[in-house]
Amino acid sequence: MSNHVIIKGKNDRLVIALNPDIDFLDLCDILKTKILEAKDFIGNSRMAIEFSGRTLTNEEENTLIGIITDNSNIVISYIFSKRADSEEENIDLDHLNPLIEEGKTHFYRGTLRSGSKIESDGNVVVLGDVNPSSIIKARGNVIVLGHLNGTVYAGLGGDDRAFIGAVHFNPIQLTIGMKTITDIQNEILDSTRVNKKDKFKVARIRNQEIVVEELI
């Protein structure tokens, strides 16, 4: 068991080596045990996570990230992993958040279904898709590591420094601070037909207006 999941520090990141041969559910149980054992040693920290040794699907990676965040005080700033489609999709959260002070972050794993709602007095990170007719409301930033097809409010209370970002960006409505834009959705983005050319997009207020930009 001790060799199925190996956790070690490497410069500015935590490397998690995964056995490629054992059942994924068994791997999840072992990772949870290892993270809990290392919780006091790691403490409250912000760091990148690198998964190595095993090719992960997007769903598997999201599951492992959830285990880490649920059982430790780690704030994940960057994710390195080898994707099952042989492409690495690394999201640099540090680069996305130079605008407001770091604060409480609410992580949601999985798809936010139509009619569902998330409300948070801090930041919100969705490790999955946000479907049409679903709503996210946050006093801080909102990041969607999947398809954004719903309605998002960021910077509730009038904070115009907040931003909204998504891997596949196609919201029905965006509100940042006191500014709102609508009529920006051309078609529903289908999570089963991923456009590999999509770039992470960020909406923020610039010159008193909400602008949407590709993250370079």
Side-chain angles (χ1 to χ4, degrees), residues 1-10 12-20 22-84 89-94 96-97 102-113 116-131 134-148 150 152 154 165-167 191:
M1 174 176 172
S2 60
N3 292 326
H4 291 323
V5 175
I6 299 175
I7 301 175
K8 60 183 179 180
K10 175 184 175 183
D12 61 343
R13 71 186 67 168
L14 193 68
V15 179
I16 302 177
L18 307 170
N19 187 310
I22 69 169
D23 182 79
F24 181 73
L25 293 179
D26 292 337
L27 194 73
C28 291
D29 291 338
I30 297 171
L31 176 62
K32 180 178 179 179
T33 299
K34 292 276 189 173
I35 289 295
L36 288 172
E37 289 175 348
K39 183 176 181 178
D40 292 339
F41 174 75
I42 297 172
N44 298 313
S45 56
R46 179 182 177 85
M47 63 179 65
I49 299 293
E50 178 181 344
F51 295 114
S52 66
R54 184 181 181 119
T55 299
L56 300 172
T57 65
N58 185 65
E59 182 179 357
E60 288 174 340
E61 182 181 289
N62 289 345
T63 299
L64 297 181
I65 291 169
I67 291 172
I68 294 170
T69 56
D70 288 347
N71 296 283
S72 73
N73 296 315
I74 297 173
V75 176
I76 299 175
S77 62
Y78 199 99
I79 301 166
F80 300 85
S81 71
K82 185 177 181 181
R83 296 287 187 172
E89 186 176 0
N90 301 326
I91 304 301
D92 186 350
L93 302 184
D94 274 332
L96 289 176
N97 197 5
E102 191 73 28
K104 178 181 178 181
T105 299
H106 179 128
F107 286 87
Y108 180 88
R109 303 193 315 276
T111 297
L112 189 63
R113 303 295 180 185
S116 299
K117 180 187 292 186
I118 295 176
E119 296 187 66
S120 174
D121 59 0
N123 307 308
V124 172
V125 177
V126 178
L127 305 174
D129 299 328
V130 177
N131 283 353
S134 59
I135 299 174
I136 299 174
K137 294 184 176 181
R139 287 190 175 274
N141 306 316
V142 176
I143 297 173
V144 178
L145 302 183
H147 292 75
L148 172 55
V152 180
V167 174
S191 61

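The figures here come from the full heavy-atom set of this structure, side chains too, leaving out hydrogens, waters and symmetry mates.
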Q) Crowded around Lys32 NZ? As in, over 12 foreign heavy atoms under 6.0 Å? A) no
(Q) To check you understand the geometry: which heavy-atom pair defines the closest contact between Val130 and Val126, and what is its length? (A) CG2-CG1, 4.1 Å
Q. Is a side-chain N or O of Thr69 found less than 3.5 angstrom from the main chain of Ile65, in a donor-acceptor match?
A. yes
Q. Which atom pair, heavy atoms only, marks the closest approach of Ala154 to Gly140?
A. CB-O, 3.4 Å
Q. Between the main-chain N or O of Gly122 and the side-chain N or O of Ser120, is there a donor-acceptor pair closer than 3.5 Å?
A. yes
Q. Is Leu18 close to Val5 at the side-chain level, that is, under 4.5 Å between some pair of heavy atoms?
A. yes
(Q) Consider side-chain contact (heavy atoms from CB on, under 4.5 Å). Of Val15, Ile49, Leu14, Ile68, which one does Ile7 pass it with? (A) Leu14
Q. Considering only heavy atoms from C-beta outward, does the side chain of Asn123 approach that of Ile143 to under 4.5 Å?
A. no
Q: Work out which heavy atom in Ile135 is nearest to a heavy atom in Leu112; give both atom names and the distance.
A: O-CD2, 4.0 Å
(Q) Looking at every non-hydrogen atom in both residues, tell me the closest pair between Ala138 and Val124 and how far apart they are. (A) CB-CG2, 3.8 Å
Q: Please round to the nearest 0.5 Å and tell me the distance separating atom OG1 of Thr55 and atom CD of Glu60.
A: 9.5 Å
Q.
Looking at Gly146, is its backbone amide N or carbonyl O close enough to the side chain of Asp129 to form a donor-acceptor pair, meaning the two atoms are under 3.5 Å apart?
A. no
Q) Do Arg54 and Leu27 come close enough that some side-chain heavy atom pair is under 4.5 Å? A) yes
Q | Nearest atoms (heavy-atom pairs only) where Ile35 meets Ser72 | A | CG2-CB, 3.7 Å
Q. Does any non-hydrogen side-chain atom of Ile136 lie less than 4.5 Å from one of Tyr108?
A. no
Q) Which residues satisfy the side chain to side chain contact (heavy atoms under 4.5 Å, CB included) test with Asp70, sequence neighbours excluded? A) Arg109
Q: Go through the structure and list residues passing salt bridge (charged side-chain N to carboxylate O under 4.0 Å, His left out) with Asp26, not counting sequence neighbours.
A: none
**Q.** Any side-chain heavy-atom pair of Ile30 and Ile22 under 4.5 Å
**A.** yes
Q) Can you tell me how far the CG atom of Leu148 sits from the CG atom of Asn131, to the nearest 0.5 Å? A) 10.5 Å
Q) CD/Glu61 to CZ/Phe51 distance, rounded to the nearest 0.5 angstrom? A) 6.0 Å
Q. For Asp121, which of Lys104, Arg139, Lys137 qualifies under salt bridge (Lys or Arg N to Asp or Glu O under 4.0 Å)?
A. Lys104
Q: Determine the minimum heavy-atom distance between Leu64 and Cys28, stating which atoms define it.
A: CD2-SG, 4.1 Å
